[in-house]
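As a basis for the values below, the full set of heavy atoms in this structure was taken, side chains included, without hydrogen atoms, waters or symmetry mates. Throughout, a chain's letter reflects where its sequence line sits, starting with A, and its residues are numbered from 1. From a predicted model like this one, the values you see are computed outputs, not experimental measurements.
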Amino acid sequence: MNPYESLIAPILAAYPQLDAADIVFNTPPNPSLGDVAIPMFLPARKLKTAPPHLAAEGVEKIDFGPAVLEANAMGPYLNLKLDRAQISGKIVAAVLGEKVGFGSQQSGQGKRAVIEHTSINPNASPHVGRARCAMIGDSITRLFRFEGYDVDVHYYVNDMGRQIGLLVLIADELEDLTFDQILDAYVQANERAKADEAFAQAGYELLLQMEEGNPEAQEKFRAVTDLCLKGQLAVLARIGASYDTFDHESKYVNDPRFEQILDALDKKDAVFIDEDKRLVIDLSKIGHKPEEGRYFVLRRANGSSMYGFRDLAYALDKNDLGADINLMVLGEDHKLYAQQQALILNAAGHPAPEALYYAYILLKDGKMSTRQGKVVLLSDFLDQAATLAAERVAEQCKDLSADEQQTIANQVAVAAIRFAVLRVNPNKNVTFDMDAALSFQGDTGPYIQYCCARINSILRKYEGELSQSVSDEYPATSDAEWMLISKIADFSGIISSAIAQRTCASIAVYALELAHAFTTFYHDCPVLTADTPALVQARVQLCQATLQTLTNALNLLGIEAPERM
RNA sequence: GCCCCGAUAGUUCAGUGGAUAGAACGACCGCCUCCUAAGCGGUAGACACAGGUUCGAUUCCUGUUCGGGGCGCCA
């Protein structure tokens, strides 16, 4: 909801040349200037006059009616003092009425979305860098579901390729390989392949057998990749990421639809067999910029397919689902590759999925490196964070059972990592600071959770009935109350722009701002001991509305709002 | 060498073509007979550099520097 919507019509009445899009509502830098500021830059341009002049004129010319107590021109701004009580009542009532749906425009009603994310190579437990994809993808999924989309989350399982072949060979030699040993085995396999030509060759041959449909080889590949996938999904489940559909790459090895793509490219003279007998696409023939990454290999000389080949078939598969939105979340290392795939698909007359990219997570002392042991495994972080949180919970919630305490500690751990990662714009590198992420102080997920716990505490202590019916006149007299209420009113605007920009970072920042606004209110305005019963009731309802909005925002981030902590 | 992304306080992040560029951490000073101190108040501290467009640029454009990613048989 836009709480200032009712202010637009009077402005248009005074200035018929303007339309609603020209009217923007800002918050003045200082509440003493007014409750809402209307910058005159755009309207003045349209009316061919100077912004300060228009602001001054507007004060006289526009009849805002009873909702506005006072209008003042301040330079290029038209500042309004509102009837806070009236507007506040509407906002609080809207939140308490819409509940878990507050903030949603339901713009996705009747629409379907396919979102692909994570797809970690099956070779190790996910580290926080890889998990960035899962967190972004999962939050985008939650966002689209919140807007009413029917979302199907896909996980593309990389269950083949040379590296997996080598891993299978090593797994054959070891007995009862476990998930925890996979990384070692993987590193070992790759080192051995470098030193031992025959071993490397055996890997390729195994891969070829697998592609040709040898059941024994297929069984071995599947066993190893399933083991990995299961282990990885268990870790990802801890941060609340889940998937609906698993698409195995191996399914697309001999996809008949691929001939059609090849034909289309052939007509453009873009396919050829190179001097080493590889099947190659010349991307410059289908619109690729010259120089960088011009060629795209589809098949090796021995006939085995490259990943790019399979991924094209996979894209066709997802297109067949006919969703309204077709998204995939990819690391920025896949950017050029995905653009090339899109080029090929488009050249063959197919749409390409919309790609969202995220940059890498770095450590304070540089890039993550599995080999140098410079990684933060997601599971390790969660373990450490939960242990720390459990100490605090044990002090604070002595009356809760050990299980209940552990549940809260786990929720805090998830909040810490998800918030730290999601709050950052995806195309920026995140510098991950373990100590900062474990501190739970300041601008963190746990801070927001703490805010929720305090609200719950007030609501528990309130002895009256929690009523949903809000009085028209909300007695929001103080700045702290007004700031909190207007922040709540911002939520749906945040959601629309998050959907449009396909990022949840702004939601994370918003949740933080809302929590700050509540904390200010909490310190300035006694709730349970407010002066009059009507004020107590109103502030309790404001607490409910804040909690509802915070909970809705946190849900989108995949963060729980514990009742106590 | 070429292409893509980024650069805001000591640090980690917000933000905007226009009103005094916001937080948090760290530093320093305060606050628990008061709805949870995982909190609050105060002090000090920033738009990489150089041009350009504009009435006005930290924001848009170009170049430089630095950081991240990428550039045909890895996925």
Side-chain angles (χ1 to χ4, degrees), chain A residues 26 28-30 33 37 39 41 50-51 74-77 79 119-123 156 158 160-164 190 204 249 274 276-283 289-302 304-308 310-311 331-337 339-340 357 359-360 362 364 367 388-389 392-393 396-397 412 420 423-425 427-433 435-437 439-444 446-451 453-462 505-506 508-509 512-513 516 519-520 522-530 539 543 564-565:
Chain A
N26 284 349
N30 185 331
L33 292 169
F41 301 107
M74 179 69 81
Y77 294 92
N79 293 329
S119 301
I120 305 173
N121 279 337
N123 57 26
Y156 190 47
N158 304 135
M160 54 182 303
R162 192 186 75 96
Q163 315 252 13
I164 314 285
N190 278 284
Y204 277 119
E249 186 180 350
D274 78 355
D276 295 322
K277 301 237 164 54
R278 298 172 292 201
L279 180 64
V280 181
I281 298 177
D282 181 350
L283 296 165
K289 278 184 234 164
E291 306 315 326
E292 44 144 353
R294 261 178 85 188
Y295 297 105
F296 197 96
V297 176
L298 293 170
R299 283 190 189 283
R300 299 181 178 95
N302 72 2
S304 62
S305 63
M306 291 284 293
Y307 56 93
R310 295 164 233 139
D311 291 359
E332 64 177 349
D333 52 331
H334 282 61
K335 198 164 189 175
L336 177 61
Y337 170 73
Q339 286 166 349
Q340 292 174 338
Y357 302 100
Y360 283 10
L362 309 176
K364 278 198 134 175
K367 304 176 206 179
L388 279 173
R392 309 292 292 273
V393 174
Q396 202 59 243
C397 312
V412 171
R423 68 179 297 210
V424 183
N425 191 321
N427 55 11
K428 287 195 181 186
N429 291 108
V430 178
T431 303
F432 187 79
D433 180 345
D435 295 333
S439 85
F440 309 152
Q441 280 180 12
D443 289 356
T444 63
Y447 170 85
I448 303 169
Q449 291 180 310
Y450 180 66
C451 179
R454 297 217 281 197
I455 297 174
N456 272 302
S457 176
I458 292 175
L459 297 179
R460 268 196 308 275
K461 288 179 177 161
Y462 177 59
S506 50
V509 172
L512 194 56
E513 288 171 355
H516 278 304
T519 308
T520 302
Y522 181 87
H523 283 273
D524 289 2
C525 308
V527 176
L528 300 176
T529 56
R539 286 185 175 164
C543 285
R564 297 180 52 186
M565 64 184 278

Using OP1 and OP2 only, check whether a side-chain N or O of [X] sits under 4.0 Å from [N].
X	N	value
A/Y337	B/rC4	no
A/K428	B/rG67	no
A/R454	B/rA37	yes

Taking only residues two or more places apart in sequence or in another chain, which ones pass side-chain contact (heavy atoms from CB on, under 4.5 Å) with A/P39?
->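 A/P39 satisfies side-chain contact (heavy atoms from CB on, under 4.5 Å) with A/V24, A/N26, A/F41, A/Y77 once adjacent residues are dropped.
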
What residues form a side-chain contact (heavy atoms from CB on, under 4.5 Å) with A/D274, not counting sequence neighbours?
->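 Listed in chain order: A/F272, A/D276, A/R278, A/V280.
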
Determine, answering yes or no, if A/Y360 is stacked on B/rG69 under the 5.5 Å centre rule and the 30° plane rule.
->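 A/Y360 ring does not meet the centre or angle cut-off for B/rG69; no stack.
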
Could you work out the separation of B/rC49 and B/rG10 based on their P atoms and round it to a whole Å?
->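 Between the two P atoms, the distance is 13 Å.
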
Roughly how far apart, to the nearest Å, are B/rA27 and B/rU12 at atom C1'?
->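 Result for the C1' pair: 16 Å, nearest Å.
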
Is the glycosidic angle of B/rG30 within 90° of 0, making it syn, or outside that range, making it anti?
->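 With its glycosidic angle more than 90° from zero, B/rG30 counts as anti.
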
B/rC71: syn or anti, with syn meaning chi within 90° of zero?
->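 Judged by the O4'-C1' to base torsion, B/rC71 sits in anti, the angle falling more than 90° away from 0.
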
Pairing partner (Watson-Crick or G-U wobble, both distances under 3.5 angstrom) of B/rC40 |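 Pairing partner, where one exists within any strand: B/rG30.
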
Should B/rG1 form a Watson-Crick or G-U wobble pair with both distances under 3.5 Å, which nucleotide is its partner?
->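 Looking at the geometry, B/rG1 pairs with B/rC71.
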
Nearest listed nucleotide, side chain of A/V280, among B/rC74, B/rG72, B/rC40 |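 The answer is B/rG72, which lies nearest to the side chain.
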
Nearest to the side chain of A/V424 - B/rG72, B/rC35, B/rC13?
->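 Output: B/rC13.
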
[X] [atom1] - [N] [atom2] separation (whole Å):
X	N	atom1	atom2	result
A/K364	B/rU11	NZ	C1'	6 Å
A/Y447	B/rA37	OH	P	12 Å
A/K367	B/rG67	NZ	P	10 Å
A/Y357	B/rC5	OH	P	11 Å

Touch check for A/P76, heavy atoms < 4.0 angstrom, all strands: base, sugar-phosphate only, or nothing?
->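 Since no nucleic acid heavy atom lies under 4.0 Å of A/P76, the category is nothing.
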
Treat primed atoms plus P, OP1 and OP2 as sugar-phosphate and everything else as base, then score nucleotides 22-34 of chain B 5' to 3': B for base contact with protein heavy atoms under 4.0 Å, S for sugar-phosphate contact only, - for none.
-> -BSS---------

Begin from the C-alpha positions of A/Y307 and A/N158 and carry the test side-chain hydrogen bond (donor to acceptor under 3.5 Å, both in side chains) through to its verdict.
-> CA-CA 9 Å; A/Y307 56 93; A/N158 304 135; over 6 Å; no

For A/L528 and for A/T431, find the nucleotide of RNA chain B with the closest heavy atom, then tell me which residue's nucleotide is more 5'.
->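 Comparing both residues, the 5'-ward one is A/T431.
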
